[in-house]
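For reference, the structure is listed below as structure tokens.
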Amino acid sequence: MIKVEHLSKTFGPVTVLKDITVEINRGEVVAIIGPSGTGKSTFLRCLNLLEMPSSGSIHVNGVDILDRKTDVAKIRQKMNMVFQSFNLFSHLSALDNLTLGPVRLLGMSRAEARSRGMEFLRMVGLAEKWRHFPDELSGGQKQRVAIARCLAMNPDVILFDEPTSALDPTTVSEVLAVIRRLTSEGMTIAIVTHEMAFARDVANRVLYMDQGLIYEEGTPQQIFENPQKERTKAFIDRVRSFSYRISSPDYDLYAMNAEIEAFCQKQILPIHTRQTLLLLIEELLQIYPPYLGSAVLDLTIAHSEKKASLEVMVESTGAPANPLESGEQPDDMGLSIIRNLSDRIEYSRVGNKNRLTVLMKRM
Ligand code: ADP
Ligand code: MG
């Protein structure tokens, strides 16, 4: 359906896309992942001509869209894009946001555009908000209106550019649920996302982009469980772990816990696992206050889906090598909680740091 060959894009002296060759077939869901600044957005923007490629070719259903004679508005209608920042018309109601394009660009009657608009709002769960202006909607609702607006243009392909990155964590799932529904209805989709669990679940194919290239591509299983190349491996490892630095006894415990919860949500860990993890971390951190004035603690949580394991690592400067057995630890209760919640506890010394690694029991 979409055939991209040797696509490159430069901004002045900077080469952002190097030599991209890829095909997207009808009905396919392609997830594009990778570090920021590697050209993922630029790639999507080249596909629907929001950016003009510097060289290479793009064919859509056999038609060369870089041909001067191409009707750009038509291409954008067929390959409609959903942005991170919604891009709704703020002076128009939800429904009017949906009818504008079909009336002006598809020549639809107002009545028909409104009745179809209501159908699409219903499909994304927002029929009752049809009169509301974007300002009166939550981020998740705005993004669902943006998706409905996209559908109202009868696209063949939808390009999503980090559709949930600007959202409050509580509204991410409602947007993902709508996208998931589109994938199950056979829509052709290319989605740039940091929601790895989601990508893995809905995508047929994953493109890992790095430094302007499609560095590795494969099925979700290949990319997430068994990446072959070095930078892919490093990236996948990083997204499965969470780090937090504690550098003062007055650190913000609530902010840290909220970040841990958000991480658990992204990894789709069950609620009881999340609670156990928070308890384990709370108890582990109880060990350190006597040293916190002089020490910096680096907390890392590593999740391996393959092994179904959660590892908590605390690296510290300034604390004794094995703070659990330092003798200055009167809280036996805390210690026995830690032992009960873990399968393995290890101590090691790495450089000038002491590392305590706890493998959490999965219950
Ligand atoms: P990603 O979406 O993977 O984070 P982008 O495609 O947004 O990456 O950007 C890739 C690189 O291209 C970045 O270094 C960015 O600064 C640069 N870039 C993007 N758009 C422009 C532009 N319009 N002018 C100049 N540089 C740009
Ligand atoms: Mg981007």
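FYI, the numbering just counts along the sequence from 1. Given the structure is predicted, the values throughout are model-derived calculations rather than measurements. Whatever order the structure lists them in is the order used to number ligands and atoms, beginning at 1.
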*asked:* Salt bridge check, E346 against R344: does any charged N sit closer than 4.0 Å to a carboxylate O?
replied: yes
_Ionic contact status for R355 with E315, cut-off 4.0 Å_ = yes
*Nearest non-hydrogen protein atom, atom 7 (O) of ligand 1*: S41 CB, 3.7 Å
*Is it the side chain (CB and beyond), the backbone, both or neither of T38 that lies under 4.0 Å from ligand 1, heavy atoms counted?*
both
_Residue that, paired with N154, satisfies side-chain hydrogen bond (donor to acceptor under 3.5 Å, both in side chains) out of R116, Q77, K78_ = R116
*Would the number of heavy atoms belonging to other residues, nucleotides or ligands and lying under 6.0 Å from OH of Y254 be above 12?*
no
*Within a distance under 4.0 Å of any heavy atom of V16, pick out the atoms of ligand 1 and give their elements.*
10 (C), 11 (C), 12 (O), 17 (C)
Please list every donor-acceptor pair under 3.5 Å in which a side-chain atom of residues 122-131 meets a protein atom from a residue at least two apart or in another chain.
none

*According to the interplanar angle, ranging from 0 to 90°, do the rings of Y215 and Y208 count as parallel (below 30°), tilted (30 to 60°) or perpendicular (above 60°)?*
perpendicular
*Any side-chain heavy-atom pair from K233 and E230 closer than 4.5 angstrom?*
no
*Report yes if G39 has an N/O atom closer than 3.5 Å to an N/O atom of ligand 1; otherwise report no.*
yes
*Closest non-hydrogen protein atom to atom 5 (P) of ligand 1, residue and atom name please, with distance?*
T42 OG1, 3.6 Å
*May I ask you to decide whether R180 forms a salt bridge with D201, counting only side-chain N to carboxylate O separations under 4.0 Å?*
yes
*asked:* When you measure from atom 18 (N) of ligand 1 to the protein, is at least one non-hydrogen atom found at a distance under 4.0 Å?
replied: yes
*NZ/NE/NH1/NH2 to OD/OE distance under 4.0 Å, D343 and R362*: no
*Note the single closest protein heavy atom to atom 13 (C) of ligand 1, along with its residue, its atom name and the distance in Å.*
G37 O, 4.1 Å
*Could any protein non-hydrogen atom be found less than 4.0 Å from atom 15 (C) of ligand 1?*
no
*Candidate pair D210 and K229, rule salt bridge (Lys or Arg N to Asp or Glu O under 4.0 Å), full reasoning*: CA-CA 11 Å; D210 200 321; K229 295 171 83 177; over 6 Å; no
*Heavy-atom contacts with S36 under 4.0 Å: which atoms of ligand 1 show up? List them by number with element.*
4 (O)
*Relative to the Mg ion (ligand 2), how many protein N, O or S atoms have a separation of less than 2.8 Å?*
1
*Aromatic ring pairing H91/F89, orientation class (parallel under 30°, perpendicular over 60°, tilted between)*: perpendicular
*Could you tell me whether some N/O pair between F11 and ligand 1 is separated by less than 3.5 angstrom?*
no
